[in-house]
Protein chains: 2
Amino acid sequence: MASRTPDKEAVSELTTARLSVYLRSLTYLESIGKKTVSSHELAERFHLNSAQIRKDLACFGEFGTRGVGYDVCTLKKELVRELGIDRTRNIVIIGAGNLGMALADYHGFNSNGFHIAALLDNDGEKIGRTSRSGIPVIDASRTEKVVRENNVEIAIIAVNPEAAQSVYDGLVHAGVVAVLNFAPIQLRLTSGVKVRNVDLRINLESLSYHLKNVEDGVA
Amino acid sequence: MASRTPDKEAVSELTTARLSVYLRSLTYLESIGKKTVSSHELAERFHLNSAQIRKDLACFGEFGTRGVGYDVCTLKKELVRELGIDRTRNIVIIGAGNLGMALADYHGFNSNGFHIAALLDNDGEKIGRTSRSGIPVIDASRTEKVVRENNVEIAIIAVNPEAAQSVYDGLVHAGVVAVLNFAPIQLRLTSGVKVRNVDLRINLESLSYHLKNVEDGVA
DNA sequence: GCATGTGAATGGATTCACAGCT
DNA sequence: AGCTGTGAATCCATTCACATGC
């Protein structure tokens, strides 16, 4: 297979994050029957610069038509392919607490390329139950088996910060290659395993910082 | 009151996000009885550059002692003050679905400067109940009353994307001045209201992008 | 001696502006 | 004429490296 773009991994995470946003917008445009869209139109939707959108897309090839714009359907398919969600990836969530349960039933985590295979927990009370949408809670001691049998690539860590490191190490050992970590700690990483951290508290503190400055008459 | 630092709002969001992280680390260091810490020590904890930490802190004054480092307790107090969490800010969550309920009981949202006053929803089934930790679900039609009576500054939007814009507009009208939005849409913003978006799906797609590249033998 | 605080240098990401194609 | 694709220019964040002070 001929590789169109050399140096693929040189695409920044900022760019891939925006691709996700573009994809959502294209899905919407497709649903309302729009055939073509220009970078300028897309830019207006999210207060972005049109050149940035063109640059982002240019990382993967030339999809537009000069004088016209981008074909919505074609571009959407291309983004789906580039983001690697043209096939389904299996996920386990570790920690069947409030957050883990909520994420298990979160629609965006269980559609269009992602499938949550199981919740894992070591609380005997929870094991054997299911989330509202029917995802089973399995004994965390069976993590390795669940990961292998379900061909799980991604794990979501939704345990308390004290447990997170050992949970992470266990997941890596079980063969997981990507982790979404909700525990507010800096994990000691294993090379070859991609980790993304989501720190919910930081967002609140950032808002608080802003509020304080408003009070102080700065903004 | 004399302002130490001119041009305060010129602190980037990247910096404030890191301040939150430093604060968490200082809290830990304090709990294990450490009195003093250097920028280099802090940097090692999160694979950061020590100069960056010093620069981040320098936005707010000079807290260190040359040849020694930073006093853990003093620096912690200062960060708490700068982040504006030296007093409690009240929050409402709109949407008592899986996510809203989970966030209501999330420890990091209900401690150290934040208090969740209520969940709001327009589903009659849910109104009158409480979350596990006892936060009441109130009729969303009473949003304005709840916001005013509880002196709510921050709202968390945890409704579906279709409803998010009108919920946002209602919150702004009710007097909320900061919003944490979990709905995957680009809100049309009102000036004077600070918004932060948390897009959970983007994180998964970013991991997927990486997985695809690993498969393709790029990384 | 040692670690801060900071101007200067670097490195990335965004934006500009225009050549090139339809 | 209109819009893409892209080198050049700009802007912002990070890192270096050192003067300053304990």
Side-chain angles (χ1 to χ4, degrees), chain A residues 4-22 25-26 29 34-76 78-79 82 202 206, chain B residues 4-22 25-26 29 34-76 78-79 82 202 206:
Chain A
R4 226 184 1 233
T5 28
D7 207 8
K8 258 188 178 174
E9 189 69 41
V11 177
S12 94
E13 298 214 336
L14 294 170
T15 295
T16 61
R18 283 190 299 264
L19 292 184
S20 293
V21 176
Y22 304 157
S25 195
L26 290 167
L29 290 174
K34 206 153 188 325
K35 295 289 175 231
T36 279
V37 69
S38 71
S39 60
H40 188 74
E41 271 178 277
L42 279 176
E44 280 188 346
R45 277 178 194 273
F46 353 86
H47 322 129
L48 278 181
N49 181 291
S50 66
Q52 176 153 74
I53 293 176
R54 295 197 298 276
K55 272 252 161 78
D56 285 343
L57 298 178
C59 294
F60 303 103
E62 305 197 356
F63 308 117
T65 310
R66 289 163 200 235
V68 180
Y70 301 91
D71 181 80
V72 171
C73 183
T74 309
L75 184 55
K76 184 191 162 199
E78 184 59 31
L79 292 185
E82 287 301 342
I202 281 178
S206 167
Chain B
R4 223 182 7 231
T5 27
D7 207 7
K8 256 190 180 174
E9 190 68 40
V11 177
S12 95
E13 298 214 336
L14 294 171
T15 295
T16 62
R18 283 190 299 266
L19 292 184
S20 294
V21 177
Y22 304 156
S25 195
L26 290 167
L29 291 174
K34 207 153 188 321
K35 295 290 174 232
T36 280
V37 68
S38 70
S39 60
H40 188 75
E41 272 178 276
L42 279 175
E44 280 189 346
R45 275 177 196 275
F46 351 87
H47 322 129
L48 278 180
N49 182 291
S50 66
Q52 177 153 76
I53 293 177
R54 295 198 298 277
K55 271 254 162 75
D56 285 342
L57 298 178
C59 295
F60 304 104
E62 306 196 357
F63 309 119
T65 310
R66 290 163 200 235
V68 179
Y70 301 91
D71 181 79
V72 171
C73 183
T74 309
L75 184 55
K76 184 191 162 200
E78 184 57 33
L79 291 185
E82 286 301 341
I202 282 179
S206 168

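Chain letters run A, B, ... following the sequence lines, proteins first and then strands; every chain starts at 1.
- Counting to the nearest Å, the P atom of C:dT6 and the CZ atom of B:Phe63 are 11 Å from each other.
- If you check every strand for non-hydrogen atoms under 4.0 Å, B:Leu57 touches nothing.
- Within the model, atoms CG of A:Asn49 and CD of A:Glu44 stand 12.0 Å from one another, a figure rounded to the nearest 0.5 Å.
- For the pair A:Tyr22 and A:Leu48, the minimum side-chain heavy-atom distance is below 4.5 Å.
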In residues 36-43 of chain B, what donor-acceptor pairs under 3.5 Å come from side-chain atoms, sequence neighbours left out?
{"residue": "B:Ser38", "atom": "OG", "partner": "B:His40", "partner atom": "N", "Å": "3.4"}
{"residue": "B:Ser38", "atom": "OG", "partner": "B:Glu41", "partner atom": "N", "Å": "3.1"}
{"residue": "B:Ser39", "atom": "OG", "partner": "B:Arg54", "partner atom": "NH1", "Å": "3.0"}
{"residue": "B:Glu41", "atom": "OE1", "partner": "B:Ser38", "partner atom": "N", "Å": "3.3"}
{"residue": "B:Glu41", "atom": "OE2", "partner": "B:Lys34", "partner atom": "NZ", "Å": "2.9"}

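- If you measure from atom CG of B:Asp71 to atom C1' of C:dA3, you get 15 Å, rounded to the nearest angstrom.
- Map A:Thr15 and B:Thr65 each onto its nearest nucleotide of DNA chain C; the residue landing nearer the 5' end is B:Thr65.
- With rounding to whole Å, A:Arg66 atom CZ is found 16 Å from C:dC18 atom P.
- Contacts between residues 39-55 of chain B and DNA chain D, defined by a heavy-atom separation below 4.0 Å, involve B:Asn49, B:Ala51, B:Gln52, B:Arg54, B:Lys55, listed by number.
- At least one side-chain heavy atom of A:Phe60 sits less than 4.5 Å from a side-chain heavy atom of A:Val11.
- If you take CD on B:Glu82 and CG on B:Leu79, they are separated by 8.0 Å, rounding to the nearest 0.5 Å.
- When DNA chain D is scanned 5' to 3' for any atom under 4.0 Å from a heavy atom of chain B, the first and last hits are D:dA13 to D:dC22.
- Taken to the nearest 0.5 Å, the CD atom of B:Glu78 stands 10.0 Å off from the CG atom of B:Leu19.
- In this structure, A:Phe63 and A:Asp71 have side chains that are not in contact, with every pair of non-hydrogen atoms separated by 4.5 Å or more.
- Here the straight-line distance linking atom CG of B:Leu14 with atom OG of A:Ser206 works out to 10.0 Å at 0.5 Å rounding.
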